[in-house]
Amino acid sequence: VNVQSMVFGNMGDTSGTGVCFTRNPSTGENKFYGEFLMNAQGEDVVAGIRTPQTIDELNKVMPECYTQLVDIYKKLENHYADMQDMEFTIQDSKLFLLQTRTGKRTAQSALKIAVDMVDENLINKKAAILRIDPNQLDQLLHKRLDPVAKKEAELLTKGLPASPGAAVGEAVFTANKAKDMAEEGRTVILVRNETSPEDIEGMNAAQGILTARGGMTSHAAVVARGMGKCCVAGAGDINVSEEEEKFTINGIEIKEGDFITLDGSTGEIFKDKLRVIDPEMSGDFAKLMEWADEFRKLKIKTNADTPHDAKIAKEFGAEGIGLCRTEHMFFEGERIKAVREMILAEDLEGRKKALAKILSMQKEDFKGLFKVMDGFPVIVRLLDPPLHEFLPKEEDDIAELAKEMDMSIEKLKEKIESLHEFNPMLGFRGCRLGVTYPEITEMQARAIFEAALECKEEGMNPIPQIEVPLVGNVKEFVLIRDIIQNVADELKVAEKVKFQIGTMIEVPRAAITADKIAKETDFMSFGTNDLTQMGCGFSRDDSGKFLGKYVENGIYERDPFQAIDQDGVGELMKICVEKARSIKPDIEIGICGEHGGEPSSVEFCHKIGMNDVSCSPYRVPIARLAAAQAALKEE
């Protein structure tokens, strides 16, 4: 039992109460900060019934108590070597300190305080690095909503905070409309039941993306994070009618052209326009990142499909591209026509003719990436999604394509129907496409190598690494690798450019036969989204409906699509690393799934001895800090 005498701040004008911080918790400025009320108790300050005065006013009212308080705050901050949040009461002109604790602070404040305290010799660099929560850095890397405006706004509903940031724009319900409206200079938010690779141009044009279905690793979420765009996914309460171009929620109707605002950091959806605050990069941020780089052992790469994304990631400190998804390049303007021509071709000759059109386009794409990442490795993943994703679904689009391809609507529908799959994520995709249509692999390898050779001639140092997706059996990999190697031999690539051929580990079978695969491959990279999907038996697009309840009930500590399930999927990864390294001790093993920028997953990758992690451009600083913390914790 703790028996304590009570002190009273409400015993007249010589008494009072207050709350103060040894530094500003919002900005981190090294200035005494706080509020007080005379003739009041603590709850009067907190309840907001009376307007308190700023702490420096106490110097005018009771200078002796103020001087004493300043001496105490300096002593406490020096003792704890951290910003303190203190509560005090003055009774009859005598100061009593009620409590002190480490003060909560914003990301901006956390960085400034950590860096300042190193400069003031209160703490060392290691302590500064360990003090910052990597997830907090998200606040500094994205636009955010004005907190005052948020309080007054009309909240429509909440979804999953799939990609941080803020977005304001007119609701639009098709990717084509989004693109057209954006070209007119309008700001739009793409609203869909769910997105597919076909929507890529509309997603690119939109300020933000809202989906009624899907989880934290649905197509919309993954692509939005890669683009650094705000996304709210799985907002199950909204009823989206793409045909009528509207969505409804609790009797409110939002039609095309109506303004909505998304908060991707909280999942909130608001009616009308809200004010947005732009991110600011401070010198403290850069300084802390430099310190983190001194201690981390993991390399940090980025998932990027365009030179623009690669450039942003490089500015954030990325040391190469850990995943370039080539299918995202297939949806631009004229390219989709050539891709569809290839899919709909009747024979090999027809496919090759269409592929020849794509070759030059792909080559320019890769050249753009090699230029930005000059001297850094670039992992290019061969075509991964099922072919049906490139074909239209709507009647009008089917009719338009049939006309373009000079074929009957019936015949086109038959072809689309023949490509339909009951479970496309486990279907005809990844390396299975290359095994069946080696000409696709050959075209992509040629585009990569020709781009690298041209960059070399222009004085650059391209380092291409070609990655075969979805391998489950080493024989699949060898077959595809030989196709790539033949193109390399024909172009005499090895004489001029250093290249590697590797594979993604996404299929559990690949993880547990890693010793066989390691004999044949130059590098490995975990695709943890698919490895989690197949390892846990969860569909990443549908599991949002129940995974929240699983976490709530403690079945999983965290959503396994957000943080690596270390006991299950992580065990597969450990087996894979051990088996691969037993054959090739120096084989490069990385991770390029969405988990690559999540701090606990980065720490796990460090622990099991991986070489690098790759994440979306806007998560590179988070991964850099998390990797440094992992190394320091181990130390």
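The structure displayed is predicted, hence computed values, not measured ones.
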If the threshold is 4.0 Å, N to carboxylate O, is there a salt bridge linking [X] and [Y]?
X      : Y      : result
Arg340 : Glu404 : no
Arg429 : Glu421 : no
Lys353 : Glu349 : no
Lys413 : Glu395 : yes
Glu327 : Arg325 : no
Glu439 : Arg351 : yes
Arg192 : Asp199 : yes
Arg213 : Asp541 : no
Arg446 : Glu442 : yes
Lys301 : Glu319 : no
Glu341 : Lys337 : no

Over 12 foreign heavy atoms within 6.0 Å of [atom1], [X]:
X      : atom1 : result
Lys363 : NZ    : yes
Lys456 : NZ    : yes
Glu183 : CD    : yes
Glu242 : CD    : yes
Lys403 : NZ    : no
Lys516 : NZ    : no
Lys584 : NZ    : yes

Counting only N and O atoms by type, is there a donor-acceptor contact under 3.5 Å from the side chain of [X] to the main-chain atoms of [Y]?
X      : Y      : result
Arg381 : Ile466 : no
Arg432 : Gly427 : yes
Ser614 : Thr302 : yes
Glu598 : Ser601 : yes
Asp522 : Ile501 : yes
Asn529 : Glu594 : yes
Thr521 : Ile517 : no
Glu476 : Asn473 : yes

side-chain hydrogen bond (donor to acceptor under 3.5 Å, both in side chains) partners of residues 498-511, not counting sequence neighbours, each pair once: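 Every pair satisfying side-chain hydrogen bond (donor to acceptor under 3.5 Å, both in side chains) with a residue in residues 498-511: Gln465-Gln500.
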Under 3.5 Å, which donor-acceptor pairs link side chains of residues 365-380 to any protein atom two or more places apart or in another chain?
unit_1	atom_1	unit_2	atom_2	d
Asp365	OD1	Arg335	NH1	3.2
Asp365	OD1	Arg335	NH2	3.1
Asp365	OD2	Arg335	NH1	2.4
Lys367	NZ	Glu454	OE1	3.0
Lys367	NZ	Glu458	OE2	3.0
Asp374	OD1	Asn461	N	2.7

For Asp309 against Pro617, the heavy-atom pair lying closest together: O-CG, 3.6 Å
Asp489 and Gln485: CA distance, side-chain angles, deciding distance, side chain to side chain donor-acceptor pair (under 3.5 Å) verdict: CA-CA 6 Å; Asp489 294 344; Gln485 191 60 55; 3.0 Å; yes
Aromatic plane relationship, Phe390 with Phe330 - under 30° parallel, 30 to 60° tilted, over 60° perpendicular: tilted
Whether Phe538 and Phe561 hold their rings parallel, tilted or perpendicular, with breakpoints at 30° and 60°: tilted
Test item: [X] and [Y] side chains (from C-beta on) under 4.5 Å apart, heavy atoms:
X      : Y      : result
Asn303 : Ile321 : no
Ile300 : Asp612 : no
Val191 : Ile260 : yes

Stepwise side chain to side chain donor-acceptor pair (under 3.5 Å) check, Gln533 with Asp530: CA-CA 5 Å; Gln533 180 166 246; Asp530 269 343; 3.1 Å; yes
